[in-house]
Every structure is written in C-alpha cells, then in structure tokens.
A.B. asks: 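To start, I am sharing the structure in question, which I have written as structure tokens.
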Amino acid sequence: MPELPEVEITRLSFADRIEGGRVTGVRVGKPLRWPLGCDAASLLAQTVGAARRRGKYLWLPLQHGGLLLHLGMSGSIAYHPEPALPPGGAHDHFDLQTTRGSLRLTDPRRFGAVVWSPAPDEGPAAKLLAGLGLEPFDTAFTGDYLHAALRRRRVAVKQALLAGDIVVGAGNIYACEALFRAGIDPRTRSDRLSRPRCERLAQAVREVLAQALSLGGSTLRDFRDAHGMAGRFQLQAGVYGREGQACGRCAGPVRRIVQGQRSTFFCAACQRR
DNA sequence: CATAGCTCCTGACCGC
DNA sequence: TGCGGTCAGGAGCTAT
C-alpha cells in the first residue's frame with residue numbers, strides 16, 4: 001500500500017512533466033473517499049504548478065487553489081504524456097488532462113481522494129493536513145523530539161508510529177520494519193522507551209523510508225508508480241508479511257500479532273521491550 | 001486530551 | 001468451477 005516512499009515516487013514521476021500544463025479536461029469516475037468539492041469544469045484552463053508532498057498527501061497547485069490527492073491503500077497515479085487519455089477502466093476514478101500530459105488516478109478500493117481546496121492551508125486541505133506530525137526527513141525529527149512525543153502516550157509504540165501525528169509517512173509495513181531495525185518490541189508502551197532507544201527508532205524510521213525510496217517503493221499489495229513500474233522493497237522486508245519464516249538476523253520465527261486491528265510482524269528475540 | 005472502535009471498499013484467498 | 005466468508009488496511013470520525 002502506498003506509504004511515504006510510494007507517494008514520493010509517484011510525485012517525482014509526474015511533477016516535472018506536468019508542471020506548466022494547462023488543464024484541458026477533467027473526468028470524475030466513481031466516488032472516492034470525499035467529493036471533489038468543486039465543479040470539474042471550473043478547473044479547465046488553469047495552469048498546473050509544482051506538485052508537493054505532505055505525509056502521504058500530494059498537493060497539486062492550480063492557479064486558483066489546487067487538488068489534494070491521497071492514494072488510500074490501493075490507489076496509484078499514472079502519468080500519460082500523450083495528449084489523449086485511453087478510455088477509463090472500472091477503477092479509474094479521476095483524470096486530469098493537460099497540455100503537458102495527463103494524470104489518471106486508479107483506485108480499486110476507493111479509499112483514496114481528490115479534493116479541491118483554495119489553498120493547502122485553507123478549506124478542506126487545511127483540515128486534512130492539520131495535525132500531521134513531522135516529516136521523517138525534517139531535521140527537527142530527532143530522537144529527542146520522538147522521546148518527548150512518545151512520553152505523552154501510553155499506546156504501544158507501533159500504534160504511536162502509525163497514528164501519523166508524531167511523524168508521518170510510516171504505514172503498517174514501514175512501521176514494522178523500522179521497529180525491527182531498531183530492535184524494539186512493537187508492543188512496548190510508548191512512554192517506556194528510553195531516550196537512546198528513541199534515537200535509534202528515529203534513525204530507523206528515516207533509514208527504512210530512505211531505503212524504500214531509493215529502491216523505488218514497495219510492491220506489497222498493488223503499488224505501481226506513474227510508469228507502471230513495480231518497486232522492489234519487498235525483497236528487503238525483514239519481518240513484514242513473513243509470519244513463521246526465519247528472522248534474517250537470528251533465524252528465530254517471525255511472529256504476527258494484531259494491534260489496533262492491524263497486523264504487526266516482529267521477531268520476539270531481536271526486538272525487546 | 002488520549003485512546004478504542006468503526007467505517008469506507010473490493011481483490012485475494014480459503015474451505016467446501 | 002462456483003460460492004460464501006474472511007481479511008487487509010489509511011486515516012478520519014465518533015464515542016468514551
């Protein structure tokens with residue numbers, strides 16, 4: 001499912017090419033998580049700006065406002081350089097055609113979203129982006145920061161990472177992988193993590209996301225970038241999706257538990273409370 | 001305020 | 001082969 005690396009790779013795959021294009025057509029398919037929030041025709045003739053990312057959201061600026069995009073868990077965005085877009089399939093729910101190519105959002109499960117907003121810090125976008133935690137590659141995301149934030153929580157550290165209001169970008173896969181890398185038991189109460197362990201964890205989060213980014217994103221589930229290329233992160237997964245298999249570090253069995261209705265994979269020997 | 005549970009949706013998978 | 005049931009999960013929302 002698209003987490004920060006996948007979303008960033010998606011952004012990089014089309015941002016430069018569509019920037020400066022003028023909107024020539026908009027097609028809205030089945031409803032996504034929220035309504036578009038504007039008349040599709042009102043987007044016509046506007047010039048597209050430089051796409052940005054915040055957490056797992058993308059912001060596509062237009063002359064008057066912009067579009068906030070989210071891939072949910074099964075969404076992907078394809079960039080088509082040709083002027084005309086092929087007919088939309090059953091899961092193609094949003095097209096944006098421009099003079100510099102088109103974007104097509106495909107999302108079988110429709111947890112994704114395309115929402116118009118007058119600005120990223122106004123209207124619906126502001127509401128959705130408010131409360132997001134630090135970007136993992138922000139220099140402010142340090143062990144000290146993580147320690148201070150986790151001290152106020154009693155939930156398991158895995159759930160605190162997933163919540164996205166401390167640090168954004170790590171979804172279920174990368175939260176599991178970061179905790180494995182940091183040697184921390186995902187069940188550990190957030191407020192029981194020492195400062196040094198928070199330092200390790202912050203570093204692990206940065207590293208696992210950076211590595212996934214450099215490898216082109218995860219193919220777990222159905223991620224494809226705008227060129228339809230599959231990522232290769234799954235080849236590196238230490239614990240995610242490996243229940244019962246041997247941990248690569250100690251050869252012990254990888255365990256699967258459920259936390260907050262989500263699967264967590266970890267090695268009980270390598271990851272300590 | 002922190003937390004738990006619910007919810008949206010459909011492809012994949014499983015047992016019969 | 002077909003069919004019903006179950007699961008997966010991002011993240012906002014509601015209730016506690």
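Chain A is the first sequence line, chain B the second, and so forth, proteins listed ahead of strands; every chain is numbered from 1. In what follows, every heavy atom counts, from backbone to side chain, and hydrogens, waters and symmetry copies are set aside.
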A.B. asks: Across the strands shown, which category fits R256(A) at heavy-atom distances under 4.0 angstrom: base, sugar-phosphate, nothing?
C.D. replies: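 Sugar-phosphate, no base atom in range.
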A.B. asks: Looking at D92(A) and R104(A), would you say the former's side chain and the latter's main chain have a donor-acceptor pair under 3.5 Å?
C.D. replies: no
A.B. asks: Under 6.0 Å from the CZ atom of R154(A), do we count more than 12 heavy atoms belonging to anything else shown?
C.D. replies: no
A.B. asks: Does the side chain of R53(A) come within less than 4.5 Å of L58(A)'s, by heavy atoms?
C.D. replies: yes
A.B. asks: Starting at the 5' end of DNA chain B, which residue's closest nucleotide do you reach first, R154(A) or R262(A)?
C.D. replies: R154(A)
A.B. asks: What's the CZ-C1' distance between R109(A) and dC7(C), to the nearest Å?
C.D. replies: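 The answer, rounded to whole Å, is 10 Å.
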A.B. asks: CG of L128(A) versus P of dG12(C): gap in Å, rounded?
C.D. replies: 6 Å
A.B. asks: Starting at atom CD of Q259(A), determine the distance to atom C1' of dA11(C), rounded to an integer number of angstrom.
C.D. replies: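 Atom-to-atom, Q259(A) to dA11(C), this comes out as 17 Å.
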A.B. asks: Roughly what angle, to 10°, lies between the helix axis at the start of the helix from dA2(B)-dT16(C) to dC16(B)-dG2(C) and the one at its end, five pairs per end?
C.D. replies: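 Here the local axes at opposite ends form an angle of 40°.
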A.B. asks: Rounded to whole angstroms, how far apart are CD on E3(A) and C1' on dA8(C)?
C.D. replies: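 Result: 13 Å.
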A.B. asks: For F111(A) and dA11(C), are the ring centres under 5.5 Å apart with planes inclined under 30°?
C.D. replies: no
A.B. asks: Of the listed nucleotides (dA11(C), dA4(B), dC6(B)), which one gets closest to any side-chain atom of V155(A)?
C.D. replies: dA4(B)
A.B. asks: Is the side chain of T98(A) donor-acceptor paired with the backbone N or O of G21(A) at a distance under 3.5 Å, no angle test?
C.D. replies: no
A.B. asks: Does the cation-pi check pass for R187(A) over F266(A), that is, NZ or CZ under 6.0 Å from the six-membered ring centre and within 45° of its axis?
C.D. replies: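 No, a cation-pi geometry is absent between R187(A) and F266(A).
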A.B. asks: Would you find a donor on one side and an acceptor on the other, under 3.5 Å apart, between the side chain of R197(A) and the backbone of L201(A)?
C.D. replies: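 Judged by distance alone, no pair lies under 3.5 Å.
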A.B. asks: In residues 28-38 of chain A, which ones come under 4.0 Å of DNA chain C, going by heavy atoms?
C.D. replies: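 Going residue by residue through residues 28-38 of chain A, the ones with a heavy atom under 4.0 Å of DNA chain C turn out to be R33(A), W34(A).
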A.B. asks: Starting from P on dT3(B), measure out to CZ on R189(A) and report it in whole angstrom.
C.D. replies: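 From R189(A) CZ to dT3(B) P: 9 Å.
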A.B. asks: Separation of Q159(A) atom CD from dG10(C) atom C1', in whole Å?
C.D. replies: 14 Å
A.B. asks: Please pick, from dA2(B), dG12(C), dG10(C), the nucleotide with the shortest atom-to-atom distance to any side-chain atom of Y57(A).
C.D. replies: dG12(C)
A.B. asks: How would you label the contact of R110(A) with the nucleic acid (heavy atoms, under 4.0 Å): base, sugar-phosphate, or nothing?
C.D. replies: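 Answer is sugar-phosphate: R110(A) comes under 4.0 Å of backbone atoms only.
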A.B. asks: Can we say R181(A) and E177(A) salt-bridge, meaning some charged N sits less than 4.0 Å from an Asp/Glu carboxylate O?
C.D. replies: no
A.B. asks: Check the distance between dG9(C)'s P and L162(A)'s CG and give it to me in whole angstrom.
C.D. replies: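 About 10 Å, once rounded to whole Å.
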A.B. asks: If you pin Q261(A) and R152(A) to their nearest nucleotides in DNA chain B, which one's is more 5'?
C.D. replies: R152(A)
A.B. asks: In whole angstrom, give the distance that lies between atom CG of L4(A) and atom P of dG10(C).
C.D. replies: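 That distance rounds to 13 Å.
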